[in-house]
Visitor: 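This is the structure I want to talk about, given as structure tokens.
Chain letters run A, B, ... following the sequence lines, proteins first, then strands; residues in each count from 1.
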Amino acid sequence: MLRFAPSPTGDMHIGDLRVALFNYIVSKQRNEDLIVRIQDLDKEKNVEGKDEEILALLSLFGIEYTQVIYQSESVRYHSAMALELIHEKKAFSCFCSPEWLEKRREEAKESKKAYSYDDACRNLPDELVIDNMSPFTIRLNRPDEAIIVNDAIKGKVSFKPDAVDSFVIMSQDKTPTYNFACAVDDMLSDISLVIRSEEHMSNTPKQDHIRASLGYDKKVEYVHLPIIKEDDSFSVKWLLEEGFLPAAISNYLISIGNKPPLEIFDTKDAIEWFSLDNISKSPVRFSIDSLREINKKHLKNMDATELSRYVGFADANIGELAKVYLEEASTTKELKAKIEPIFAVKEIPQEFTDAAQAMTKTIKGAPFFEEYDDFKNYIMKESGLDGKNFSKVLRFLLSGAENGPDIALVYKYLKNYIGEIVK
RNA sequence: GGCCCCGUCGUCUAGCGGUUAGGAUCCAUGGUUUUCAUCCAUGUUACAGGAGUUCAAUUCUCCUCGGGGUCACCA
């Protein structure tokens with residue numbers, strides 16, 4: 001069983017999507033289920049509706065899952081297990097105040113040492129614990145020995161007991177902390193492999209330690225993906241709004257820091273050849289320009305009629321025309337901005353006003369020509385225009401722009417619409 | 001600062017002891033194109049530094065330097 005565990009606290013980020021994609025691909029390869037666990041423990045940070053939005057995005061990207069679990073619904077299990085740990089003396093109540101701990105952290109920082117809890121409350125006499133009415137947290141005893149995490153990408157990584165620390169598993173308000181809830185839930189869901197971002201690396205020994213303390217023998221496999229370096233932060237929603245295709249975004253996210261056998265592919269193809277062994281150990285760079293290139297290639301491969309829908313039509317000719325415009329546009333949004341002016345009222349520069357009037361008149365009176373050359377020759381002859389007055393003006397009239405693709409190509413796909421374009 | 005990762009053309013990278021160190025992109029030049037762009041061809045540019053191991057290090061080890069991650073009663 002694999003899992004994707006997003007928190008509904010903001011827009012889904014490309015890094016989150018990459019993690020989801022990898023989990024999905026590997027779940028298919030291993031023929032295991034993928035579940036989605038919404039990490040909604042932090043009531044303050046949860047954003048209404050984000051869970052639904054994340055689920056909708058997963059569907060849009062073709063990521064199939066068998067179950068959705070809301071973490072907040074299993075808090076009673078978390079409490080029960082914390083209690084068990086206390087009974088077995090594997091965890092203890094800690095009465096240290098947040099303010100005092102904060103002070104300790106600052107001291108550690110000033111003396112340039114790594115902060116670690118001093119276990120002050122670990123061996124409190126029972127009567128002191130019982131009689132104490134102050135709010136408390138529950139901490140798990142730090143491990144006696146170093147914990148080795150065997151990561152599929154990074155290899156064996158060792159964490160000393162102090163690095164794992166006697167960390168908090170239940171906060172004062174009786175809610176489980178992230179690491180505790182996460183470790184327990186992975187255990188309860190019988191998760192066999194966790195693929196997540198590198199920033200969770202230091203949580204891994206903590207989560208292993210929690211399960212070991214609970215007597216859970218099964219080893220969970222871990223893969224920590226190198227982080228994505230970005231110049232700006234990109235949300236999936238934004239990329240979609242900018243006119244990037246889900247197929248292209250997936251393609252790109254699977255490609256970076258990887259060794260795909262080909263440049264353009266869909267997620268189904270990736271299931272055939274994807275291997276965690278090929279993932280780079282170094283951080284990967286997210287380049288919007290590279291994404292644009294890949295998006296362009298996906299648009300080029302798209303069915304013409306389907307493509308035309310993205311720019312507001314339902315006609316293969318417009319789809320083909322859009323492909324011609326791909327030489328200067330990379331997203332559906334940009335294509336739309338190129339196609340729309342063609343059918344809009346044209347604004348002709350002052351110097352060409354007369355020529356434009358003459359040409360408009362000629363075009364309106366012209367018969368239908370299958371070939372551009374015939375059309376061109378006719379217009380040229382009938383209007384008496386030549387040079388700039390001909391080529392520039394014709395381009396303005398037909399495309400609504402000063403520059404653009406070869407006008408013969410434009411004509412090829414637009415010839416049936418001349419009446420609508422030149423008004 | 002502690003711990004943990006990473007360090008190849010300007011950029012993104014291939015390479016897993018012996019290579020003319022490959023590709024993509026950028027840049028430059030030439031060509032195609034009655035426009036801008038595209039496209040094609042050609043060209044410049046890299047193993048962070050220093051020790052070691054070895055017949056042989058880009059590749060293995062250590063140190064320095066540089067970059068990143070993490071050190072919460074957040075997830």
Visitor: Is it true that the side chains of A/S290 and A/R285 contain a donor and an acceptor less than 3.5 Å apart?
Guide: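 Side-chain D/A pair, A/S290 to A/R285: absent.
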Visitor: Rounded to whole angstroms, how far apart are CG on A/L225 and P on B/rC4?
Guide: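 Answer to the nearest Å: 22 Å.
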Visitor: Please check if any side-chain donor atom of A/H13 sits under 3.5 Å from a side-chain acceptor atom of A/E230, or the reverse.
Guide: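 Yes, side-chain donor-acceptor contact under 3.5 Å.
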Visitor: Examine the side chains of A/N179 and A/N203 and answer whether a donor and an acceptor come within less than 3.5 Å of each other.
Guide: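 Yes, side-chain donor-acceptor contact under 3.5 Å.
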Visitor: Strictly under 4.0 angstrom, non-hydrogen atoms only: write out the protein contact profile of nucleotides 8-16 of chain B, one letter per nucleotide from the 5' end, B, S or -.
Guide: ----SS-S-
Visitor: Taking CG from A/L291 and P from B/rU25, how many angstroms apart are they, rounded to a whole number?
Guide: 16 Å
Visitor: Enumerate the ring-ring contact (aromatic ring centres under 6.0 Å, His included) contacts for residues 72-98 of chain A, please, sequence neighbours excluded, ordered by first and then second residue.
Guide: A/F95-A/F136
Visitor: I need the CD-P distance between A/Q172 and B/rC74, as an integer number of Å.
Guide: 10 Å
Visitor: Would you please name every residue forming a ring pair (Phe, Tyr, Trp, His ring centres under 6.0 Å) with A/F159, sequence neighbours left out?
Guide: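 Listed in chain order: nothing, the list is empty.
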Visitor: Name the pairing partner of B/rA75, where a pair is Watson-Crick or G-U wobble with both distances under 3.5 Å, or state none.
Guide: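 Base partner found: none.
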Visitor: Give me the distances for all protein-to-nucleotides 36-40 of chain B N/O pairs that come in under 3.5 Å?
Guide:
unit_1: B/rC36; atom_1: O2; unit_2: A/E328; atom_2: OE1; d: 3.3
unit_1: B/rC36; atom_1: N3; unit_2: A/G404; atom_2: O; d: 2.9
unit_1: B/rC36; atom_1: N4; unit_2: A/G404; atom_2: O; d: 2.9
unit_1: B/rA37; atom_1: O2'; unit_2: A/E327; atom_2: O; d: 3.3
unit_1: B/rA37; atom_1: N3; unit_2: A/E327; atom_2: OE2; d: 2.9

Visitor: Whether A/K336 engages the ring of A/Y310 as a cation-pi pair (distance to the six-membered ring centre under 6.0 angstrom, angle to the ring normal within 45°) should be assessed.
Guide: no
Visitor: Check this for me: A/K381, atom NZ, are more than 12 non-hydrogen atoms of other residues, nucleotides or ligands nearer than 6.0 Å?
Guide: no
Visitor: With both distances under 3.5 Å as the test, what is the Watson-Crick or G-U wobble partner of B/rU33?
Guide: none
Visitor: What residues in residues 88-99 of chain A put a non-hydrogen atom under 4.0 Å from any atom of RNA chain B?
Guide: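 Result for residues 88-99 of chain A: A/C96, A/S97, A/P98, sorted by number.
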Visitor: Give one of base, sugar-phosphate or nothing for A/T137, where a contact means two heavy atoms less than 4.0 Å apart.
Guide: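 Base contact - A/T137 has a heavy atom under 4.0 Å of at least one base atom.
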Visitor: For B/rG10 versus B/rU70, give the span between their P atoms, rounded off to a whole number of Å.
Guide: 29 Å
Visitor: Could you state the atom-to-atom distance from OH of A/Y411 to P of B/rU35 in whole Å?
Guide: 21 Å
Visitor: On a whole-Å scale, what distance lies between the P atoms belonging to B/rC9 and B/rG23?
Guide: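 Pairwise P distance, B/rC9 against B/rG23, rounds to 16 Å.
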Visitor: Answer yes or no on whether A/R105 is positioned over the face of A/Y115, meaning its NZ or CZ is under 6.0 Å from the six-membered ring centre and within 45° of the axis.
Guide: yes
Visitor: Could you tell me if A/D165 and A/S116 have a donor-acceptor pair between their side chains, going purely by distance under 3.5 Å?
Guide: yes
Visitor: With sequence neighbours excluded, what pairs up with A/Y117 under the ring pair (Phe, Tyr, Trp, His ring centres under 6.0 Å) test?
Guide: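 Per chain and number, A/Y117 pairs via ring pair (Phe, Tyr, Trp, His ring centres under 6.0 Å) with no residue.
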Visitor: Check the surroundings of atom NZ in A/K412: do more than 12 heavy atoms from other residues, nucleotides or ligands lie under 6.0 Å from it?
Guide: no
Visitor: Taking atom NZ as the centre, does A/K388 end up with more than 12 heavy-atom neighbours from other residues, nucleotides or ligands that are less than 6.0 angstrom away?
Guide: no
Visitor: Determine whether the aromatic ring centres of residues A/F343 and A/Y417 are separated by less than 6.0 angstrom.
Guide: yes
Visitor: For A/T137, what residues pass the side-chain contact (heavy atoms from CB on, under 4.5 Å) criterion, not counting sequence neighbours?
Guide: A/C94, A/R139, A/V168, A/Q172
Visitor: Check the distance between B/rU25's C1' and A/I294's CD1 and give it to me in whole angstrom.
Guide: 13 Å
Visitor: May I ask you to decide if the ring planes of A/W238 and A/F234 are parallel, tilted or perpendicular, using 30° and 60° as cut-offs?
Guide: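 Rings of A/W238 and A/F234: tilted, as their planes differ by 30° to 60°.
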Visitor: Tell me the partner of B/rU58, counting only Watson-Crick (N1-N3 plus N6-O4 or O6-N4) or G-U wobble (N1-O2 and O6-N3) with both under 3.5 Å; none if nothing fits.
Guide: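 Across all strands, not a single nucleotide pairs with B/rU58.
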Visitor: Rounding to an integer number of angstrom, what distance separates B/rU13 and B/rA21 when you compare their C1' atoms?
Guide: 13 Å
Visitor: Would you mind reading off the distance between A/D185 atom CG and B/rA75 atom C1', rounded to a whole angstrom?
Guide: 13 Å
Visitor: Tell me which nucleotide, if any, is Watson-Crick or G-U wobble paired with B/rA48 when both distances must be under 3.5 Å.
Guide: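 Checking every strand shown, B/rA48 finds its partner in B/rU64, with both distances under 3.5 Å.
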Visitor: Can you check the distance between B/rA46 and B/rA14, where both ends of the measurement are the C1' atom (answer in whole Å)?
Guide: 13 Å
Visitor: By a strict heavy-atom criterion of less than 4.0 Å, which residues belonging to residues 38-60 of chain A are in contact with RNA chain B?
Guide: A/Q39, A/L41, A/D42, A/K45
Visitor: Which base, if any, makes a Watson-Crick or G-U wobble pair with B/rA28, both distances under 3.5 Å?
Guide: B/rU42
Visitor: C1' atom, B/rG15 versus B/rC60: distance in rounded Å?
Guide: 15 Å
Visitor: Given atom CG of A/D186 and atom C1' of B/rA75, what is their separation to the nearest angstrom?
Guide: 14 Å
Visitor: To the nearest angstrom, how far is A/E106 atom CD from B/rG2 atom P?
Guide: 20 Å
Visitor: Does a donor on one side chain sit under 3.5 Å from an acceptor on the other, for A/S171 and A/D173?
Guide: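 A/D173 and A/S171 do have a side-chain donor-acceptor pair below 3.5 Å.
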Visitor: Under 3.5 Å for both donor-acceptor distances, Watson-Crick or wobble: does B/rC3 have a partner, and if so which one?
Guide: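 Matched B/rC3 with B/rG69 under the 3.5 Å cut-off.
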Visitor: Considering only the P atoms, how many Å lie between B/rC26 and B/rU11, rounded to the nearest integer?
Guide: 15 Å
Visitor: Applying ring pair (Phe, Tyr, Trp, His ring centres under 6.0 Å), can you list everything that pairs with A/W273, at least two apart in sequence or on another chain?
Guide: A/F265
Visitor: Hey, can you pull the residues of residues 149-162 of chain A with a non-hydrogen atom under 4.0 angstrom from RNA chain B?
Guide: A/K154, A/V157, A/S158
Visitor: Output one line per pair: protein atom, nucleotide atom from nucleotides 69-71 of chain B, and distance, for all N/O pairs under 3.5 Å.
Guide:
unit_1: B/rU70; atom_1: O2'; unit_2: A/S202; atom_2: OG; d: 2.9

Visitor: Just checking A/Y252 against A/F286, ring centres under 6.0 Å apart?
Guide: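 Yes - the distance between ring centres of A/Y252 and A/F286 falls below the 6.0 Å cut-off.
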Visitor: Enumerate the ring-ring contact (aromatic ring centres under 6.0 Å, His included) contacts for residues 369-396 of chain A, please, sequence neighbours excluded, ordered by first and then second residue.
Guide: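 For residues 369-396 of chain A, and leaving out neighbouring residues, the ring-ring contact (aromatic ring centres under 6.0 Å, His included) pairs sorted by first residue read A/F369-A/Y378, A/Y372-A/Y411, A/F375-A/Y411.
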Visitor: Determine the Euclidean distance between corresponding C1' atoms of B/rU32 and B/rA37; express it in Å to zero decimal places.
Guide: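 Per the computed distance, 13 Å lies between those C1' atoms.
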Visitor: Side chain of A/K45, backbone of A/K43: donor and acceptor closer than 3.5 Å?
Guide: no
Visitor: Work out how far the C1' atom of B/rC47 is from that of B/rC40, and round it to whole angstrom.
Guide: 32 Å
